[in-house]
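In what follows, a single structure is set out as structure tokens and then discussed.
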Number of protein chains: 2
Amino acid sequence: MRQQGKKKATIYDLSVLSGCSASTVSAVLNGTWRKRRIKESTAELIQNLAEQHQYTANLQARGLRNSRSGLVGLLLPVHDNRYFSSMAQTFEAQVRSHGKCPIVVSASRDPQEELATVETLIAYSIDELFIAGATDPDSVHTLCEAAGIRHINIDLPGTKAPSVISDNYQGARMLTEAIVRRFDAADQLRPQELFLFGGRNDHASRERIRGFRDIKMELLGADDDACIQPTGYSPNMTQRAFEAFYEREGKLPRGLFINSSINFEGLLRFMAQHPHETFADIVVGCYDYDPFASFLPFPVIMIRQDSESMLAKAFELIEESRPVVEIHLIQPELVHPRTALMGPLDSIRDIDR
Amino acid sequence: MRQQGKKKATIYDLSVLSGCSASTVSAVLNGTWRKRRIKESTAELIQNLAEQHQYTANLQARGLRNSRSGLVGLLLPVHDNRYFSSMAQTFEAQVRSHGKCPIVVSASRDPQEELATVETLIAYSIDELFIAGATDPDSVHTLCEAAGIRHINIDLPGTKAPSVISDNYQGARMLTEAIVRRFDAADQLRPQELFLFGGRNDHASRERIRGFRDIKMELLGADDDACIQPTGYSPNMTQRAFEAFYEREGKLPRGLFINSSINFEGLLRFMAQHPHETFADIVVGCYDYDPFASFLPFPVIMIRQDSESMLAKAFELIEESRPVVEIHLIQPELVHPRTALMGPLDSIRDIDR
DNA sequence: CTTTTTTGCACAATCGATGGTGCAAATAAT
DNA sequence: ATTATTTGCACCATCGATTGTGCAAAAAAG
């Protein structure tokens, strides 16, 4: 009974086979047949035929007709980073559980590409869009608005659509404090030994820097501008910043606040160039959690952003008819060195053995 | 001139505005207007109108008409893992450079879900499908075949469609040899000190195990079945295997071949439960590269699979009209401890700072 | 000034599914 | 037996873009 290489069956094929009209077939197969007072026996007949011929609806046709597609989009800056890829993982699961089809795309943190990508998604009539880590959420908002597409910001807030983001200020405070406390009274960290590397001029970085500086002031009593080294979200730029520092000072700062795991990769590149001893007494705090990073040869304190809760909240908000443009903060979690947390992969069953 | 919250402009709107027929508008906007001998001035008129009204084609309608969608799919087992997420990243770039729209989905290594997901993709009339790490590539093939969709296997081979995979056998040989050579003559590794953990009964695991055993035989002269511990692709199962071993032997094997970075996370979980000293003299080889893992406190030798080349080859093959069902092997790369390689993120420009 | 050729475009069918409307036949009410 | 209801389904326009075909008007050829 398999369609062998032929075209896929359509409602018209089933219409002929069943002797019913196409609209009847359609109604039966999309579940509206009771409303349309189709006889139960007719429905069964058609359902059987559909199964035999492996009918599946052409979703483009359906989408065209309804001007909805069943697609739900997630726009990411990048894929290959544990924070965003685990967000993608939980996003998929959540969308599937709502009976929709998840579609995840990345736009490289490039405003132009963000807009182009979103236009494409809109052209496919996606139903909803989750905008994560966009550099320019408000422009994206404008596009969605014009197309009547529900959307929400995640991770980086916008001013025109509801946003769900990490509490970067609190997270940074926790992280900075944890770094400081990691040193015992004997060799207490001095203010000029605690640096922040990475990030750019976006909301998340600003908040993290603010938290970092506030705690530095509170605990160490000083907060020098020179201790803030924003390098963008680029491993290489971050590496250069470390190299420059090292060349100048002959060592690394003892306390390092790294703005994201992407910037942390800059430190890795630096590490590859320098012997173990260089890192003998440093303490690193990283905003983002990566299981492998947590076990590096020096203490690495990490912040795990709760993307599961962020997405859950976002799903809740996006369903609302009259969205209130406000920012919802989700508390991140401090992760002590040498900690292997569970992740979305753990909810996947692994059968065979 | 913005459409304010209105519906999106269609060719019919532009048809009215321009005084031309819809078919003329269509031809102008999809670039076929020269073939259709449309006057240059007419084309310009329509193009201007399109721009003013922010026209973008409804891709569902276009897709319905051509029974193609411009979508190219990548089916992954999971997202949140460096190997697959970096594959997703390069996939996106490559698809975009071909003027198509990438769509990446994961199916949790669950055969049922793989099929369901692919059916959905087919229902959206995707044009091509890259099947990465599928547990059951041949069933996926059957679906694609029936729908007339070009497809190719990556990472795990099938028997019915062309496949591009890592040379897992060679990679495992290189990796195993590197582990052995890491110990100097003084305290040479003995056969029963070199174990393999992770993987299941899939092609990749089998090949890696074969390479591992062959080298063990060649270099150490023995190859005990007990040294192979397949635990599936689950961090927790892997952790348990380590715990069990440790409980039995009071230590870890000095040489560890870990089948994938997912299994490596099982070792991390084990590490979290045990003090540093437990890992004082072990050497780990991991099939998969993760930059952070490369810098752990013990030597970690890794294999970087060349997903860029794999995808490039796959793109090349998928264009061919008469696909030859054969397996193309791509050589992976041995990565020495403390190495931070560049990745797809490095080709992203980071402007602002 | 005809006839032929070229130019420029409009018409209409089509892709597959949906849902409002209408109308016979079956059943119930009187 | 006649009228009123209900049941069961067919018909057809519609979503937006594409494309084969046809036909006037303009230009070229004779």
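Computed from a predicted structure; not experimentally measured. All chains are named by letter (A, B, ...) in the order of the sequence lines, taking the proteins before the strands, and each is independently numbered beginning at 1.
B:H79 and A:H79 have parallel rings, their planes meeting at less than 30° on a 0 to 90° scale where 60° marks the start of perpendicular.
Contact annotation: the side chain of A:F84 never approaches that of A:S106 to less than 4.5 Å [non-hydrogen atoms, C-beta and beyond].
Phosphate contact (OP1/OP2 of D:dG16, side-chain N/O of A:Y124, threshold under 4.0 Å): absent. Distances shorter than 4.0 Å separate some side-chain N or O of A:N30 from OP1 or OP2 on C:dT18. Dashed line: the shortest gap from a side-chain N or O of A:N58 to OP1 or OP2 of C:dC15 is not under 4.0 Å.
Rounded to whole Å, atom C1' of C:dA10 lies 13 Å from atom CZ of B:R37. Atom CZ in B:R65 sits roughly 6 Å away from atom P in D:dT19 (whole-Å rounding). Atom CG in B:L64 sits roughly 12 Å away from atom P in D:dG16 (whole-Å rounding). Protein atom CZ of A:R68 is 17 Å distant from nucleotide atom P of D:dC15, rounded to whole Å. In this structure, A:R34 places its CZ atom 15 Å from C1' of D:dT7, rounding to the nearest Å. Between the CG atom of B:L29 and the C1' atom of D:dT19 there is a distance of 15 Å, rounded to whole Å. The interatomic distance linking B:I122 (CD1) with C:dG16 (P) rounds to 15 Å, in whole Å. Rounded to whole Å, atom C1' of C:dC9 lies 14 Å from atom CG of B:L45.
As judged by a 4.0 angstrom heavy-atom cut-off over every strand, A:R62 is placed among residues touching the sugar-phosphate backbone only.
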Take B:Q89 and A:V78, measure what side chain to side chain contact (heavy atoms under 4.5 Å, CB included) needs, and give me the verdict at the end. CA-CA 7 Å; B:Q89 191 82 40; A:V78 295; 3.7 Å; yes
Checking B:H151 against B:V118 for the side chain to side chain contact (heavy atoms under 4.5 Å, CB included) test, could you report, in this order, the C-alpha distance in whole Å, the side-chain angles of both residues, the deciding distance, and whether it holds? CA-CA 11 Å; B:H151 55 289; B:V118 170; over 6 Å; no
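At a threshold of 4.0 Å, the pair B:E145-B:K160 does not count as salt-bridged, since none of the basic side-chain nitrogens sits closer than that to a carboxylate oxygen. A salt bridge links B:D127 with B:R68: the distance from a Lys NZ or Arg NE/NH1/NH2 to an Asp or Glu carboxylate oxygen falls below 4.0 Å. Remark: B:E128 does not engage B:K100 in a salt bridge, criterion side-chain N to carboxylate O under 4.0 Å. Taking the charged nitrogens against the carboxylate oxygens, B:E320 and B:R150 have no contact shorter than 4.0 Å, which rules out a salt bridge.
For the segment residues 11-26 of chain B, the set of residues with a heavy atom within less than 4.0 Å of an atom of DNA chain C comprises B:G19, B:C20, B:S21, B:S23, B:T24, in numerical order.
Relative to the axis of its first five pairs, the axis of the last five pairs of the helix from C:dC1-D:dG30 to C:dT30-D:dA1 sits at 50°, rounded to 10 degrees.
Below the 3.5 angstrom threshold, one finds a donor paired with an acceptor across the side chain of A:R36 and the base of C:dG20.
Nearest heavy atom pair, residue B:S15 against residue B:A22, reads OG-N, 3.6 Å. Residues B:Q94 and B:L311 share a closest heavy-atom pair of NE2-CB, 4.0 Å.
Comparing C:dC15, D:dC9, C:dC9 by their closest approach to the side chain of A:I38 singles out D:dC9.
Residue-to-nucleotide proximity on DNA chain D shows that, of B:T32 and B:A61, the 5′-proximal contact is made by B:A61. Place B:N66 and B:T42 on DNA chain C by their nearest nucleotides, and B:T42 ends up nearer the 5' end.
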